[in-house]
Amino acid sequence: MAHKVMIDAGHGGADFGATYNGRQEKDDNLRLALAVGEILSENGIDVEYTRTTDVYQTPFEKATLGNQSGADFFISFHRNSSPEPNQYSGVETLVYDKSGEKLDMAENINGALGELGFREIGVTARPGLVVLRRTKMPAVLIETGFINTDQDNALFDNQFDEIAQSIASAILGTLDEETVENPSAPDSIYYRVQTGEFRNRANAENMLYELQDKGFPAFLLYQDGVYKVQVGAFRNLANAVKMENTLRRAGYSTWIDASPASY
């Protein structure tokens, strides 16, 4: 049975959202929501939208549309704003509380966008937001960078397709669509989560055995004169990000390595 996702483009109509130098949040939200929804649809997800045009809806109306749809997940697209231009930067995901599948999805989305260059602010519980509190299904609100920060706007504009693909891949990975592979990745590429690299093999093996003792599928790779300790080999970036988040919660510093399968 296919999953259903309700996609919400925040604000709309007379509600511009945050603005900066003529740029209106409602427009960025709608553009990204439609792009992500299209990718999800192409990968077998049943997608519905709270809006596909520039119309105003109250947050209560948005939550009601989500509940009436019978969707498995509610994803709301927004952009952040700070009191002063270029004061803050980064991506943040908001949830009602830090539990369950919604937390996994929020972390996966946050991590996937971090891989593109956004600073990762993290996941924040915001139980007072209507679209998180009134929706009956798990819900995540994405703040895709600060609209009044030039650096974030450059990322948003220059890597728009990659941003849409990363968010969609994170959603697909969380929904356990294991048969769906990341369309942006060549067939020969695997994503591996790296926890360390060492000149000394014994030091690398110490970390390797520690990870394996904790149940992680770790292995050792000798490359470019160093021993790399890596965990997993994923075709889907979202699944690699999920493993990365698990390792970070366990106290490891990590990064994702995209390598040919022949390595």
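For the numbers below, each heavy atom of this structure counts, side chains included, while hydrogens, waters and symmetry mates do not. Just so we're clear, the structure is a prediction, and the values are computed from it rather than from any experiment.
The minimum heavy-atom distance linking Pro138 with Lys102 is given by the pair CB-CB, 3.9 Å. Smallest separation of non-hydrogen atoms from Ala63 and Val130: CB-O, 4.3 Å. Of all heavy-atom pairs between Leu237 and Ser166, the closest is CD2-OG, 4.4 Å.
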Yes or no on side-chain contact (heavy atoms from CB on, under 4.5 Å) for Leu211 and Leu247, after CA distance, side-chain angles and deciding distance?
-> CA-CA 9 Å; Leu211 287 163; Leu247 286 161; 3.8 Å; yes

Going through the distances and angles, do Gln151 and Asn86 end up as a side-chain contact (heavy atoms from CB on, under 4.5 Å)?
-> CA-CA 8 Å; Gln151 176 185 349; Asn86 298 301; 5.9 Å; no

Evaluation steps, side-chain contact (heavy atoms from CB on, under 4.5 Å), between Tyr49 and Leu34 | CA-CA 8 Å; Tyr49 302 88; Leu34 293 175; 3.9 Å; yes

Decide yes or no on side-chain contact (heavy atoms from CB on, under 4.5 Å) for Leu155 and Leu116, but give the supporting numbers first.
-> CA-CA 8 Å; Leu155 282 170; Leu116 295 178; 5.8 Å; no

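A donor-acceptor distance shorter than 3.5 angstrom exists from the side chain of Arg119 to the backbone of Ser89, with no hydrogens or angles considered. Within the 3.5 Å criterion, the main-chain N or O of Ala154 finds a donor-acceptor partner in the side chain of Asn158. A donor-acceptor pair under 3.5 Å is absent between the side-chain atoms of Glu48 and the main chain of Ala71, judged by distance alone. Here the side chain of Asp8 pairs no donor or acceptor atom with the backbone of Leu65 at under 3.5 angstrom. The backbone N or O of Ala218 lies less than 3.5 Å from a partner atom in the side chain of Gln212, making a donor-acceptor pair. The main-chain N or O of Ser69 is found under 3.5 Å from a side-chain atom of Lys4 such that the two form a donor-acceptor pair. No donor-acceptor pair closer than 3.5 Å links the side chain of Asn239 to the backbone N or O of Phe234. A donor-acceptor pair is defined here as one N or O able to donate and one able to accept, closer than 3.5 Å; such a pair exists between the side chain of Lys26 and the backbone of Gly13. Put simply, the side chain of Glu25 gets close to the backbone of Arg79: a donor and an acceptor are under 3.5 Å apart. Not one N or O on the side chain of Glu143 forms a donor-acceptor pair closer than 3.5 Å with the backbone of Glu92.
Heavy atoms from other residues, nucleotides or ligands lying under 6.0 Å from CZ of Arg23 number more than 12. By the 6.0 Å contact criterion, CZ on Arg126 is open, its count of non-hydrogen atoms from other residues, nucleotides or ligands being 12 or less. At most 12 heavy atoms of other shown residues, nucleotides or ligands fall within 6.0 angstrom of atom CZ in Arg199. No more than 12 heavy atoms of other residues, nucleotides or ligands lie within 6.0 Å of OH in Tyr88, so this atom counts as exposed by the packing criterion.
Side-chain contact between Val231 and Thr254 is absent, with no heavy-atom pair separated by less than 4.5 Å. In this structure the side chain of Pro127 never reaches within 4.5 angstrom of the side chain of Asp97, judged on heavy atoms. In this structure the side chain of Met137 reaches within 4.5 angstrom of the side chain of Asn67, judged on heavy atoms. Between Asp150 and Tyr20, some side-chain heavy-atom pair lies under the 4.5 Å cut-off. At a threshold of 4.5 Å between non-hydrogen side-chain atoms, the residues Val229 and Leu220 count as touching. A heavy-atom distance below 4.5 Å is found between the side chains of Glu244 and Ile256. Put simply, the side chain of Pro217 reaches to within 4.5 Å of the side chain of Met243, judged on heavy atoms. Here the side chains of Phe73 and His3 are not in contact, with every heavy-atom distance at 4.5 Å or above.
Residues Met105 and Leu94 do not share a hydrophobic cluster, clusters being chains of Ile/Leu/Val/Met/Phe/Trp/Tyr side chains in contact below 4.5 Å. Phe16 and Phe156 sit in two unconnected hydrophobic clusters of ILVMFWY residues. Membership requires side-chain heavy atoms under 4.5 Å apart, directly or through other members. Grouping the Ile, Leu, Val, Met, Phe, Trp and Tyr side chains by contacts below 4.5 angstrom, directly or via other members, places Phe160 with Val91. Follow the hydrophobic side-chain contacts under 4.5 Å out from Met6 and you never reach Val47; the two are in separate clusters. Cluster annotation: Ile45 and Ile167 are assigned to the same hydrophobic cluster (Ile/Leu/Val/Met/Phe/Trp/Tyr, side-chain heavy-atom contacts under 4.5 Å, transitive).
Taking CZ of Phe216 as the start and CD of Gln230 as the end, the distance is 15.0 Å to the nearest 0.5 Å. A distance of 8.5 Å separates CG of Asn245 from CG of Asp104, quoted to the nearest 0.5 Å. Distance CD1/Ile7 to CG/Leu32: 9.0 Å, rounded to 0.5 Å. For the atom pair CZ of Phe77 and OG1 of Thr50, the computed distance is 10.5 Å after rounding to the nearest 0.5 Å. Between Leu113 atom CG and Thr93 atom OG1 the span is 8.5 Å, to the nearest 0.5 Å. Here the CD1-CG distance, from Ile147 to Asp28, works out to 5.0 Å after rounding to the nearest 0.5 Å.
Side chain to side chain, Lys228 and Gln223 meet the donor-acceptor criterion of an N or O pair below 3.5 Å. Side-chain polar atoms of Gln165 and Ser169 form a donor-acceptor pair below 3.5 angstrom. Looking only at atom types and distance, the side chain of Asn29 has no donor-acceptor partner in the side chain of Arg51 under 3.5 Å away. Under the 3.5 Å distance criterion, with hydrogens and angles disregarded, a donor-acceptor pair is assigned to the side chains of Tyr252 and Glu210.
Relative ring orientation between Tyr227 and Tyr222 is described as tilted, the plane-to-plane angle lying within the 30° to 60° band.
Of the residues Leu175, Asp46, Asp72, the one that meets the side-chain contact (heavy atoms from CB on, under 4.5 Å) test with Val5 is Leu175. Partner of Ile171 under the side-chain contact (heavy atoms from CB on, under 4.5 Å) criterion, chosen from Asn108, Asn43, Ile75: Ile75.
Using a cut-off of 4.0 Å between Lys/Arg side-chain N and Asp/Glu carboxylate O, Arg248 and Glu120 are scored as salt-bridged.
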